[in-house]
Amino acid sequence: MPAPAVALTHPPSSHHIEALAALGVARRYRRGALLIQEGESGDTLYIVLQGRLRAFVADNQGRELTLGMYGPLEYVGEMSLDGGPRSANVEAAEASTCSVVSRATLLDYISAHPEFALELMARLIRRARLATESARSVALIDVYGRLVRLLNEMAREPDERGERCLSERMTHQQMAQHLACSREMVSRLLKDLETGGYIAVRDRWIWLARPLPARW
C-alpha cells in the first residue's frame with residue numbers, strides 16, 4: 001500500500017516558521033471550513049500544524065481552480081502584509097490545526113529577525129512564478145496536456161516494475177479543480193488512458209504503467 005498522501009508543495013526547512021507558529025494561537029478547523037475568503041480584508045497568517053489547506057479561486061458559476069495544497073509548516077495568508085484584500089479562498093482540505101498569527105506579530109518578528117524577510121520574499125516570488133506557470137498552462141495547453149503534467153508531477157519514483165504511483169490519492173473532481181476543466185472530462189481522459197494500458201487504478205490509487213503519450 002502506498003504511503004499516506006503528501007502535500008503538493010514542499011514545506012520550508014527554516015526554523016523561523018516553527019518559532020513564528022509558537023507566537024500564534026492554535027485553532028482547529030473541520031474539513032471544508034473556509035479560513036480565508038477571496039476579496040475580504042484580513043490581517044492574519046495561517047501556519048499549518050496538522051492537516052492540509054487548499055487555496056483556490058472560483059467564479060459565479062461555482063467552477064473552481066486549485067492554486068495549491070499546503071501541509072504541515074506551510075503557511076497561507078502572507079499577502080495580507082500589504083493590507084489589501086485577500087486574493088484567493090483557503091479551505092481546510094481535511095481536519096486541520098493551524099497557528100493563527102496576526103499581522104502585528106508577523107511584522108514584529110520580521111523586525112527582530114530581518115533575515116526572515118528574505119525568506120518570506122523568496123517564497124512570495126516562488127508562488128508568483130507558480131501562479132504564472134499555472135496561468136500559462138491554462139491558456140496555452142489543452143486539458144490533456146495539463147493532465148499529463150499533473151500526473152507526472154505527482155508521480156513517485158518508479159518501483160521495481162517501472163511503474164510510478166501518484167503521491168496522493170485524488171478524486172476526479174479534485175483533479176478537475178487543478179486543471180480548470182470539468183470532472184467529466186477528467187473521468188473520460190483517465191478512462192481512455194486506463195483502457196490504453198498507460199495507467200492502472202488499484203484501491204483508488206493511480207499508477208503510471210508506462211510513459212504517457214504527448215498527445216491524445
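- A distance-only check finds a donor-acceptor pair linking the side chain of Arg86 to the backbone of Gly77 [under 3.5 Å].
- The two residues Ala88 and Ile36 make their nearest non-hydrogen contact at O-CG2, 3.4 Å.
- A side-chain hydrogen bond (donor to acceptor under 3.5 Å, both in side chains) check over residues 17-32, counting only residues at least two apart or in different chains, returns nothing.
- Proximity of a side-chain donor or acceptor of Ser167 to a complementary backbone N or O of Ala155 within less than 3.5 Å is not detected.
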Practice task
Mind running salt bridge (charged side-chain N to carboxylate O under 4.0 Å, His left out) on Glu64 and Arg54 for me, showing each step along the way?
Solution key: CA-CA 11 Å; Glu64 298 179 356; Arg54 179 175 78 100; 2.7 Å; yes
Exercise for the section: Could you please spell out the steps behind the ring-ring contact (aromatic ring centres under 6.0 Å, His included) verdict for Phe116 and Tyr109? Expected result: CA-CA 8 Å; Phe116 179 60; Tyr109 188 86; 5.6 Å; yes
Problem - Residue pair Met69, Glu74: steps toward the side-chain contact (heavy atoms from CB on, under 4.5 Å) verdict - result: CA-CA 9 Å; Met69 303 290 289; Glu74 294 266 48; over 6 Å; no
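- The shortest side-chain heavy-atom distance between Arg156 and Leu166 does not fall under the 4.5 Å cut-off.
- For the atom pair Cys181 SG and Leu147 CG, the distance stands at 8.0 Å (nearest 0.5 Å).
- Residues Leu49 and Leu106 do not share a hydrophobic cluster, defined by chaining ILVMFWY side chains whose heavy atoms lie under 4.5 Å apart.
- Under a hydrophobic-cluster definition in which Ile, Leu, Val, Met, Phe, Trp and Tyr are linked whenever side-chain heavy atoms come within less than 4.5 Å, directly or via other members, Val25 and Leu73 are assigned to different clusters.
- Sorted by first and then second residue, the salt bridge (charged side-chain N to carboxylate O under 4.0 Å, His left out) pairs involving residues 177-202 (not counting sequence neighbours) are Glu163-Arg202, Arg188-Asp192.
- Distance check, rounded to the nearest 0.5 Å: CG of Asp159 to SG of Cys165 gives 9.0 Å.
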Exercise for the section: Before giving the answer on side-chain contact (heavy atoms from CB on, under 4.5 Å), spell out for Arg103 and Thr44 the whole-Å C-alpha distance, their side-chain angles and the decisive distance to 0.1 Å. Expected result: CA-CA 5 Å; Arg103 181 172 182 267; Thr44 48; over 6 Å; no
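- Connection of Leu190 to Tyr198 is established within a shared hydrophobic cluster, with ILVMFWY side chains joined at heavy-atom distances below 4.5 Å, either directly or through further cluster members.
- In this structure, CG in Leu208 is found 5.0 Å from CG in Leu212, a value given to the nearest 0.5 Å.
- Listed for the Asn89 side chain is no donor-acceptor partner under 3.5 Å among the backbone atoms of Gln37.
- For the residue pair Trp205 and Arg169, the shortest heavy atom distance occurs at NE1-NH1, 3.1 Å.
- Note on Phe56 and Val76: separate hydrophobic clusters, where clusters join Ile, Leu, Val, Met, Phe, Trp and Tyr whose side-chain heavy atoms are under 4.5 Å apart, directly or indirectly.
- Put simply, Leu34 and Val90 are part of two different groups of oily side chains (I, L, V, M, F, W, Y) that touch within less than 4.5 Å, one to the next.
- Between the CG atom in Leu150 and the CE atom in Met170 there is a gap of 5.5 Å [rounded to 0.5 Å].
- No side-chain donor-acceptor contact under 3.5 Å links Ser96 to the backbone of Gly51.
- Rounding to the nearest 0.5 angstrom, the gap separating the CZ atom in Arg146 from the NE2 atom in His178 is 13.0 Å.
- Nearest approach of Gly24 to Ser99, heavy atoms of both residues: CA-OG, 3.4 Å.
- Across all their heavy atoms, Asp142 and Gly145 have their closest contact at OD1-N, 2.7 Å.
- Under 4.0 Å is where a charged nitrogen must lie from a carboxylate oxygen, and between Glu94 and Arg52 at least one such pair does.
- Counting only heavy atoms from C-beta outward, the side chains of Leu20 and Val101 approach each other to under 4.5 Å.
- Side-chain contact between Leu179 and Tyr144: absent, with no pair of heavy atoms (C-beta onward) separated by less than 4.5 Å.
- Summarising the geometry of Ser87 relative to Val57, their closest heavy-atom pair is O-CG1, 4.1 Å, with the distance given to 0.1 Å.
- When all heavy atoms are compared, the tightest approach of Ala92 to Leu35 is N-CD1, 3.8 Å.
- No hydrogens or angles considered: a donor-acceptor pair under 3.5 Å links the side chains of Arg164 and Asn152.
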Problem - Step-by-step side-chain contact (heavy atoms from CB on, under 4.5 Å) determination, Trp207 to Val201 - result: CA-CA 6 Å; Trp207 291 76; Val201 181; over 6 Å; no
Practice task
Applying side-chain contact (heavy atoms from CB on, under 4.5 Å), run through Val186 and Gln177 and close with a yes or a no.
Solution key: CA-CA 10 Å; Val186 171; Gln177 290 168 347; over 6 Å; no
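- The distance from the NE2 atom of His15 to the NE2 atom of His113 is 7.0 Å, given to the nearest 0.5 Å.
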